[in-house]
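Computed from a prediction, not measured in an experiment: that's the story for all the values here. Counting convention: from 1, in listed order, for ligands and their atoms alike.
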Amino acid sequence: MSGLRALVTGSGGLIGSECVRLLCGQGWNVVGVDNDMRSQFFGPQGTTRPVVEDLLREFSGYRHHAVDIRDRQAIRDLFERERPRFVVHTAAQPSHDKAASIPYDDFDVNAVGTLNMLVAARDYCRDAPFCFTSTNKVYGDRPNDLPLEELDTRYDYADGRAGVDESMSIDACLHSLFGASKVAADVLAQEFGRYFSMPVGVFRGGCLTGPQHAGVELHGYLSYIIDCAVTGREYTIYGYKGKQVRDQIHSHDVVQLFLAFFRHPRCGEVFNLGGGRANSLSILETIDVLAGFGLQLRSRYRDEPRTGDHICYISDLSKVHEHFPDWSITYDLEKIFGEMIECRLRQRTGGSG
Ligand SMILES: NC(=O)c1ccc[n+]([C@@H]2O[C@H](COP(=O)([O-])OP(=O)(O)OC[C@H]3O[C@@H](n4cnc5c(N)ncnc54)[C@H](O)[C@@H]3O)[C@@H](O)[C@H]2O)c1
């Protein structure tokens with residue numbers, strides 16, 4: 001892949017930065033777009049600027065543009081100049097809970113920003129595979145209608161299903177404004193694939209995680225809970241007795257799938273993407289795993305779930321496996337926790353992260 005040019009938005013973020021590392025490591029030239037808007041969303045703790053500085057230091061093939069994806073003309077100019085062979089669009093307002101307090105910013109970034117990206121790609125690099133990071137929140141709270149059973153430490157599906165597949169309706173349920181802005185972007189991305197026959201892939205993420213996450217309470221569950229365990233900060237569990245289940249996928253595995261899509265793109269195809277059943281765990285089980293690593297989490301319980309929060313969400317990965325048979329999860333929970341805990345401990349003791 002040496003010498004090919006990719007454009008990655010949100011390049012300072014969890015998924016974007018992993019993408020830059022992987023592509024630059026394989027000899028790609030990468031144009032990154034990130035205006036550190038995460039620090040506006042979540043305050044200084046959410047900044048991704050240090051990650052961008054690391055990327056610039058580490059990779060001569062990386063060039064950075066602090067362009068705002070809402071700036072339609074700037075995005076068009078960038079695409080016209082760079083004409084990338086591969087586009088990965090991860091820039092977003094990523095928090096379910098935050099969106100209600102910033103409805104215009106949320107929609108402008110998530111929906112309009114994605115439209116800006118898609119039109120520019122259509123006009124300047126129509127054949128370049130385009131990966132869009134959507135979310136399982138497009139299903140709103142519909143997964144809560146599935147038959148569930150309560151077990152000792154978690155909820156699970158009562159009908160024995162592996163997880164949620166792509167046939168679930170995204171309509172007529174409670175989404176949060178974030179879910180709604182992502183639905184708009186998700187459907188737009190599908191439409192550019194179908195209507196303009198562009199190689200656009202829509203990846204509906206579950207819990208995407210990794211040590212690069214600038215975890216804050218409102219986004220980045222695993223990163224934030226590990227941070228609390230390492231620093232001794234109190235963690236608040238919101239509702240469902242702490243038995244709510246998420247499946248965790250490491251950013252490395254996410255980006256490997258994007259590369260698989262680059263090699264075998266499809267037009268407007270939707271994929272659920274998470275760690276799957278083997279990588280699923282509840283908050284109570286997360287606390288147990290942390291204890292296994294010698295970390296005691298201080299927690300308090302508020303008997304009030306977050307609005308629209310999923311009780312049990314596990315991605316059914318059948319379609320991903322069917323379309324990309326060479327791809328598989330390489331990070332199990334043990335490896336994910338081990339790496340993230342080690343990274344946080346190193347940061348605390350002053351080592352580089
Ligand atoms: N992390 C998860 O658990 C998860 C789950 C499902 C879906 N997703 C989706 O995956 C994508 C990536 O998530 P992430 O966890 O890497 O997010 P992140 O917040 O770590 O990274 C997003 C980056 O985009 C940048 N950004 C935001 N607005 C911008 C703008 N207007 N212009 C330019 N840059 C901007 C931010 O500064 C940040 O660095 C998002 O679309 C998110 O909705 C994430």
Side-chain angles (χ1 to χ4, degrees), residues 7-20 31-53 55 64-72 74-75 78 88-96 98-99 102 104-117 131-139 176 178-186 189 202-216 218-225 246-252 254-255 257-258 271-275 279 310 313 315 336:
L7 191 149
V8 177
T9 70
S11 53
L14 170 73
I15 301 303
S17 64
E18 184 83 41
C19 207
V20 173
V31 178
V33 174
D34 199 310
N35 65 350
D36 197 21
M37 200 162 175
R38 189 173 168 92
S39 65
Q40 277 183 46
F41 298 142
F42 305 121
Q45 205 193 338
T47 183
T48 53
R49 186 163 300 137
V51 175
V52 170
E53 284 163 7
L55 295 176
H64 189 76
H65 295 268
V67 169
D68 189 328
I69 60 165
R70 293 173 297 179
D71 186 339
R72 187 166 293 163
I75 289 294
L78 195 61
V88 183
H89 173 38
T90 79
Q93 189 300 105
S95 167
H96 183 73
K98 182 77 190 172
I102 50 167
Y104 294 126
D105 284 342
D106 179 77
F107 197 83
D108 286 346
V109 172
N110 288 351
V112 182
T114 299
L115 179 64
N116 293 342
M117 290 290 299
C131 293
F132 169 61
T133 45
S134 184
T135 167
N136 63 12
K137 296 294 193 295
V138 300
Y139 298 119
S176 82
F178 165 74
S181 66
K182 290 295 257 190
V183 164
D186 181 303
V202 176
F203 297 87
R204 294 179 175 162
C207 270
L208 319 180
T209 197
Q212 291 295 355
H213 221 180
V216 289
L218 292 184
H219 179 241
Y221 159 68
L222 196 58
S223 173
Y224 181 72
I225 198 169
R246 303 285 179 270
D247 58 337
Q248 304 289 335
I249 181 169
H250 192 282
S251 49
H252 173 84
V254 173
V255 174
L257 185 64
F258 292 168
F271 301 99
N272 285 353
L273 177 59
N279 273 13
H310 292 152
Y313 190 94
S315 314
I336 290 175

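- Distances from atom 19 (O) of ligand 1 to the heavy atoms of R49, H89, R38, K137 show the closest one on R38.
- In summary, D186 and R204 engage in a salt bridge, as defined by a charged side-chain N under 4.0 Å from a carboxylate O.
- Looking at D68, V52, T90, it is D68 that brings a heavy atom closest to atom 31 (N) of ligand 1.
- Close contacts between ligand 1 and A91 involve ligand atoms 24 (O), 26 (N), 34 (N), 35 (C) [criterion: under 4.0 Å to a heavy atom].
- Taking each heavy atom of G10 and A91 in turn, the nearest pair found is N-CB, 3.5 Å.
- Under the 3.5 Å distance criterion, the side-chain polar atoms of S39 are left unmatched by any main-chain donor or acceptor of G46.
- By heavy-atom distance, the residue among D34, I15, L14, D71 lying nearest atom 39 (O) of ligand 1 is D34.
- When K182, Q93, Q40 are ranked by how near their heavy atoms come to atom 43 (O) of ligand 1, first place goes to K182.
- Of the candidates N116, T209, N35, N35 brings a heavy atom nearest to atom 26 (N) of ligand 1.
- Taking 4.0 Å as the cut-off between side-chain N and carboxylate O, D36 and R49 count as a salt-bridged pair.
- Not one N or O of F178 is nearer than 3.5 Å to an N or O of ligand 1, by distance alone.
- No heavy atom of Q212 sits closer than 4.0 Å to any atom of ligand 1.
- In the candidate list A92, G16, S134, S134 is nearest to atom 9 (C) of ligand 1, counting heavy atoms.
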Note to self: Under the criterion side chain to side chain donor-acceptor pair (under 3.5 Å), I'd like the reasoning laid out for D34 against S11: C-alpha separation, chi angles, the key distance, then a yes or no.
What the structure shows: CA-CA 6 Å; D34 199 310; S11 53; 4.7 Å; no

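- At a 3.5 angstrom cut-off on N or O pairs, G205 does not count as close to ligand 1.
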